[in-house]
Amino acid sequence: MSTTAPRPHPGLTEERLAWLLERLVAHHGEQHWWPAETAFEVLVGAILTQNTAWSHVERAMEQLRVAGLLDPVALIEADPEEVATAIRPAGYFNVKTRRLRNLCITYLQEGCMEGMQLQRTEALREKLLAVNGVGRETADDILLYAFHRPVFVVDAYTRRILQRLGWIQGDEGYERLRGGVEAALGPNTAAFNELHAQIVALGKDTCRPTPRCPDCPLNAACAHAAGDAAGPAA
DNA sequence: CTCCGGTGGG
DNA sequence: CCCACGGGAG
């Protein structure tokens with residue numbers, strides 16, 4: 001029947017993911033994402049945070065707010081140079097200016113939050129992906145954190161952490177990993193919300209490119225901390 | 001695979 | 001000083 005839904009990932013079990021979420025919440029406390037004022041700001045933040053630290057996004061958002069540009073119509077009608085200047089701290093300011101504009105146009109065409117909320121998740125996802133500048137992760141950020149749909153967001157941190165744990169290979173496709181987590185935890189918006197936020201926190205603070213395993217709340221069960229790091233290392 | 005990019009941390 | 005950052009498009 002479904003040709004788009006990948007089969008569940010064997011290494012991603014409900015037990016493991018529930019354990020992961022519990023351990024991370026115990027270590028960081030609840031993250032209660034998304035850190036934005038309004039649902040529209042979630043869409044803006046989702047573009048601005050592409051390959052960019054959130055601290056820089058916050059400054060860009062504040063400058064948009066001050067300039068009166070934190071509004072879909074204002075963003076579309078504004079001089080692109082003014083938008084680019086406002087979001088400069090977030091980097092990629094020229095591409096992101098175009099992407100914000102593209103997203104705002106679709107947002108208005110689709111009837112803003114009210115109109116889009118009426119659509120089924122898969123249809124809405126396709127509409128978001130059709131926007132130039134919105135890829136799978138950005139679309140899923142929006143679906144989960146603005147529309148509260150039970151969609152799990154896979155990012156670079158997710159891959160790195162799950163791979164080091166030894167639960168996945170690491171080269172699986174995006175949809176495979178998303179589907180794997182979703183199948184294991186069931187359609188649970190609150191769990192997907194918190195798990196992704198916790199994964200980001202761990203990826204930033206502990207499970208970094210050079211991992212700080214001694215400080216990691218997962219090290220007792222982690223293949224990487226146990227020394228199973230892949231590669232020809234001695 | 002390459003480009004887009006300012007900013008804070010190591 | 002270098003590098004990594006809630007990615008995506010051409």
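Residue numbers begin at 1 in each chain, while the letters A, B, ... track the order of the sequences. The model shown is predicted, which means the values in this text are computed figures rather than measured ones.
- Side-chain atoms of A:Gln117 and A:Arg149 include a donor-acceptor pair closer than 3.5 Å.
- The side chain of A:Val200 sits closest to C:dG6 out of C:dG7, C:dG6, C:dG10.
- Residue A:Gln63 contributes atom CD, which lies 9 Å from atom P of B:dT7 at whole-angstrom precision.
- Using a cutoff of 4.0 Å between basic side-chain nitrogens and carboxylate oxygens, A:Glu62 and A:Arg59 are not scored as salt-bridged.
- Among the heavy atoms of the strands lying under 4.0 Å from A:Ala90 is at least one base atom, whether or not backbone atoms are also near.
- Closest heavy-atom contact between A:Asn193 and A:Tyr145: O-OH, 2.8 Å.
- Between A:Asn51 and B:dC3 there is no side-chain N or O to OP1 or OP2 distance below 4.0 Å.
- A cation-pi arrangement is present between A:Arg88 and A:Phe93 under the rule of less than 6.0 angstrom and at most 45 degrees off the ring axis.
- Of all non-hydrogen atoms in A:Asn132 and A:Arg99, the two that sit nearest each other are O-CG, 4.0 Å.
- Within the structure, every side-chain polar atom (N or O) of A:Arg160 is placed at least 4.0 Å from both OP1 and OP2 of C:dA4.
- Ring geometry, A:Phe40 versus A:Tyr107: the interplanar angle falls from 30° to 60°, so the pair is classed tilted.
- When the P atom of B:dG5 is taken as reference, atom CD1 of A:Ile47 falls 14 Å away, rounded to whole Å.
- C:dC3 and B:dT2 have their P atoms separated by 16 Å, with the value rounded to a whole Å.
- The same atom, C1', is picked in B:dC4 and in C:dC5; the two are 13 Å apart, to the nearest Å.
- A ring-centre distance under 6.0 Å is found for A:Trp34 and A:Trp54.
- One atom, CD of A:Gln198, and another, P of C:dG6, lie 15 Å apart when rounded to the nearest Å.
- Whole-Å rounding puts the A:Arg159 CZ to C:dG6 C1' distance at 14 Å.
- Positionally, the nearest nucleotide of DNA chain C for A:Ala53 lies more toward the 5' end than for the other of A:Leu129 and A:Ala53.
- Between A:Gln50 atom CD and C:dG6 atom P the separation is 13 Å, expressed in whole Å.
- Across all strands shown, A:Val154 has no heavy atoms under 4.0 Å from either base or sugar-phosphate atoms.
- Atom CD1 of A:Ile161 and atom C1' of C:dG6 are 12 Å apart (whole Å).
- Across B:dT7 and C:dG8, the matching P atoms stand 23 Å from one another, rounded to whole Å.
- Using a 4.0 Å heavy-atom distance criterion, A:Val57 is classed as making no nucleic acid contact.
- Looking at every heavy atom in both residues, A:Glu41 comes nearest to A:Ala36 through CB-CB, 4.0 Å.
- To the nearest whole angstrom, the two C1' atoms, one in C:dA4 and one in B:dG5, are 12 Å apart.
- Here A:Asp140 pairs with A:Arg125 in a salt bridge; the nearest charged N to carboxylate O distance falls below 4.0 Å.
- Phosphate proximity of B:dT7 to A:Arg88: absent, as no side-chain N or O sits under 4.0 Å from OP1 or OP2.
- You can call A:Trp33 stacked on the base of C:dG6; the centres are under 5.5 Å apart and the planes sit within 30°.
- Atom CG of A:Leu48 is separated from atom C1' of C:dG6 by 12 Å (rounded to the nearest Å).
- Regarding A:Glu194, its CD atom lies at a distance of 17 Å from the P atom of C:dG6, rounded to whole Å.
- A sub-4.0 Å separation between OP1 or OP2 of C:dG8 and a side-chain N or O of A:Thr138 is present.
- Residues from residues 203-216 of chain A lying near DNA chain C, meaning a heavy-atom separation below 4.0 Å, are A:Lys204, A:Pro209 in numerical order.
- Applying a 4.0 Å cut-off to non-hydrogen atoms, the residues of residues 91-102 of chain A that approach DNA chain B are A:Gly91, A:Tyr92, A:Phe93, A:Asn94, A:Val95, listed by residue number.
- Judged purely by distance below 3.5 Å, without hydrogens or angles, the side chains of A:Gln119 and A:Glu110 pair a donor atom with an acceptor atom.
- Atoms CZ and CG, on A:Arg208 and A:Asp215 in that order, are 11.0 Å from each other to the nearest 0.5 Å.
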